[in-house]
Amino acid sequence: MALDFSARACYRRLLRLYPAAFHQTYAQELEETFADQRQEARYRGWIGAVVLWTEILTDLARSAVRLRLVRITGGRGGARPPRQRRQRNLVDNMLHDLRYSIRLLSRQPGFAAIAVLSLALGLGGTTVIFGLVDGLVLKPFSLPDADSLVTIEVDFPKLHARDNPFIEVVSPAEYADLRTLRSLTKTSAFDLGNRHISGGDRPERLFTALVFSDLFQTAGVSPLLGRGFTTDELGANGPMVAIVSHRIWTSRFAADPALVGRAIRINGVPTTVVGVMPPELLILGTDLWLPLRAAPSEWPRNARQFTVLARLAPGSSLDAANAELAVLAKRTAAAYGKEFAEYGGWRLTAVPWAVALTRSLQPTAYLLLGAIGLVLLIICVNIANLQAARASTRHREIAVRIALGAGHWRVARQLLIESLLIAGAGAVLGFAVARVGLRASIALLPAQIIALEPRIELSGRVLVVGIVASLVAGVFVGVLPSLRGRRTDAFDALKSEGRHTAGPVALRLRFGLIVAEISLATILLVGAGLLVRTMTALSRVDPGVNTQHVLTMRLTLPFEKYRGRAAIIAFFDALVERLGGLSGVRSAAAASQFPPSIVFSGGLRFEGRPNPAGGTLAQADTTLASPGLFQTLGIPLRAGRSFTLDDDAQSPRVAVVNEAFVRRFYQGQSPLGSRVALGTDAASPWIEIVGVVADTRGQGLIQPSREEIYFPVGQMDGDWNQLFLLIRTDGDPLTMLPAVRREIMAVDRDQPAYAIQTLEQAFATGIFTQRTLTTLLGIFASLALLLAAIGIYAIMSYAVAARTREIGIRIALGAQRQSVVRMVVGQVIRLVIAGAAIGLTGALAVGRLIASVLVGTQPTDPRALLSVSFLLATVALVAAYLPARRASRIDPVITLRGE
Amino acid sequence: MTTTREPAASVRTLTLHVIHILLALADGDRHGYAIKQAVERQTEGAIRLGPGTLYEAIQRLEQAGLIQEVDASRRGGDRVPRRFYRLTPKGWSTLKSEIARLERTVGLAHSKPRLKKA
């Protein structure tokens, strides 16, 4: 019979949702009535069909629910012909099983509570971790067709010995070259900076993108209001226009729909808003877009500070783009290599934007996913264990049901439904846990990540993962007891009165589960242990600076107000002097960078030494420092002198270097008096080294110290309008903040300070990954250990109960109590050894995943492995104590009497 | 034939749906769809019974003994044998007493000064 998809047939099938008895009596009539109703004039045509089905389905749903409710509450709803056999269909059966399971579970609230709570923790935790990973790593932003959005990375081997490709390094001329490529389209480039916005209630500093071309096109989204920049506006001497982000539009302009066309003040200059970004668009967290108002050709070829964003042309692939880029690189090197030595061997690579942004987070993210997955697995194993214990005590009940005619399938299905019920309850509770957990995790994220505004939320994907995990957990937890339930031989079970134990097979299975739990717990414990050792090692690292009581902040002086370095230097000199005079301040300084975020570096030439072959300059971190920097940071002076205010633009050029610099470039000989020059330009002035200071951990506690050279602020090359203030205070640095702000305003009242943090906080951020991993893995591992302990306790109690007769006989025959205890303990030890052996092997493999974040230890660290084993053994023995004691107290008289 | 039972307390005050169904049957024996149409006509479209709701009510009325199924063989001529329903004597008396109760309620309402019939 062919499947009939007519409306009537569909309705007929839907009717099966009704209770069986009702269905039996009225199904025919319902169908006829439906057919009649369909003929009515109001239901003609497409719209009529939609209206009809809406009404029919609503009616069906409501009446079906009502009818079933009446049946469940035992009302007299069922038209139950008493002499006819009660017919049941599938839905009836499942509902019955559900009611039965609810009744059963409510009789054992302890088990139900443990099972549901532990599942809620596991499922909630999994959802939280997945939500974080999804928001931060898998789908960091919701731009359309994110796979084709790429950025271009460059690597100049000649410019630095360090292999450090970073995005923000293309020059305008190179950008213009990139636009000619066929495999890339909608290529745009931007510089990142900051601008002050006023013309609202308060001035604010906005992270700004200075763009060469329309970013809306590249991003593939339309502006929420207004439009992108026109070619005129992007060109030289175009009008002052701006595009603002959605969050600024809402927070600063109260989502004013008439903002487009209004003027705002950017760095004091009136600027017209021409567009507003839509909410999902945020390029590197920039709140403001300004056109560069210049053509690429106006920059020197090596002014590298631009980030490139482009789309892969339709039909093009990442490989094709990289092939073209290789050709371009060669061509450029050939054409300009003489003038710009850095082009020798340079490389261009196209990288998906999402990958470039999240590269550093990926290993951590996947690690956390794996860890929480392990915890969830342990929880499921535990519940399965508990379920199996319950199932064995329901042995007789199951046997009776089978004897009365229930199919094995039926029994298994009931157990499965019970497990799904637990999983469902755990999932619902887990959802609440996930919401709280997600919000808490977002609060713990470091500020830089928050600025990118990742969408960390319980999105559809995340919820789906949570639900799937619940289902899997439910099935997993239900499968094992189901297997047992199916194999019950009714006759056998009915025979053994009161002996609620199962054969050796079941016991072995449960021992196997415990071993699995122990091995999983071992893996987590080893991971946690390694990280704890890492944190210990990190805490012993000397940062090279005195991190206590130092307040830091950043100031950016707008070009429009401070033209040229003289004005900049004057500002900072005045400010530092005022700050140094504040009561409560020990010393103050300004610097272009400070540990742990030393990023600016440059190439150097040494007087009297030939230029290195191949044009690779010596690299060192280059830092501008005001005279008080070393004192403020607590960096001891090892030789020579520090800077003074006399080292200004009119005096001879001087520099101070660190000990690493001396070791690397002077082989430990005193560098005082020798001279260096920056860059490849032969006209750059020679600078005399006048002092040596101790090393600092410029790249954080983990990386070794690098060679560093300091120059006085007063002798800055170029116009460094962006400097940090560092203030060493007597007491809590943050309490000095209002006073510091007042002094800044006294020098320039429109100047905001930002990126305010203490030096301690700065260093803490650097090891954020380690700290977070240690905390989380510590929690997971403790949880796993606790669960394993519970599991051991449960199964040893069960094993003792199972062998009560045997033990009783042994004791009656003269065995010592101690040997009984030894038997129990011996069993536990064997379990632990088996579990730990498997676990340690697994831990070695997994350890390689976290090797990159470990400091002062490796995955094979014997001390960590040994302590974990010791801890496991101790916990296992404690868990086995009570059952062992019970075993030793077995009174043979009682057991034998109960035969 | 379904056995009848004593009505549950819920049938003593009838819902509006049920009253209209009984009123529809007061004109004579009807099958389900005809009841539905009649109710719609009576209430000028205000009450539209879906098939499920309709037969749910019919089931309750049958159980309560207010209506009964008519032997189909008495109605000839239909292409498909449909179930026809008619009011039982008990159904008649229940309907009448319900109408009377409603009349008393309406009378009480009109005796109130602000609700006087215009």
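Below, chain A is the first sequence line, B the second, and so on; all start at residue 1.
Across all their heavy atoms, A/Tyr18 and B/Gly52 have their closest contact at OH-CA, 3.3 Å. The two atoms that bring A/Tyr26 and B/Gln59 nearest to each other are OH-CA, 3.2 Å, heavy atoms only. The two atoms that bring B/Tyr33 and A/Glu40 nearest to each other are OH-OE2, 2.7 Å, heavy atoms only.
Both the backbone and the side chain of A/Gln37 come within less than 4.5 Å of a heavy atom of chain B. With a 4.5 angstrom heavy-atom cutoff, A/Ile56 touches chain B only via side-chain atoms.
Between the CG atom in B/Leu49 and the CG atom in A/Asp59 there is a gap of 8.5 Å [rounded to 0.5 Å]. Summarising the geometry, atom CD belonging to A/Glu55 is positioned 5.0 Å from atom CZ belonging to B/Arg48; distances are rounded to the nearest 0.5 Å. Interatomic distance, CD of A/Gln28 versus OH of B/Tyr55, reported as 10.0 Å (0.5 Å rounding). Distance OG1/A/Thr25 to CD1/B/Ile58: 12.0 Å, rounded to 0.5 Å. The line from CG of A/Asp36 to CD of B/Gln37 is 7.5 Å long, rounded to the nearest 0.5 Å.
Between A/Arg62 and B/Thr53 there is no side-chain heavy-atom pair separated by less than 4.5 Å.
Within a 6.0 Å sphere centred on CD1 of A/Ile47, heavy atoms belonging to other residues, nucleotides or ligands number 12 at most.
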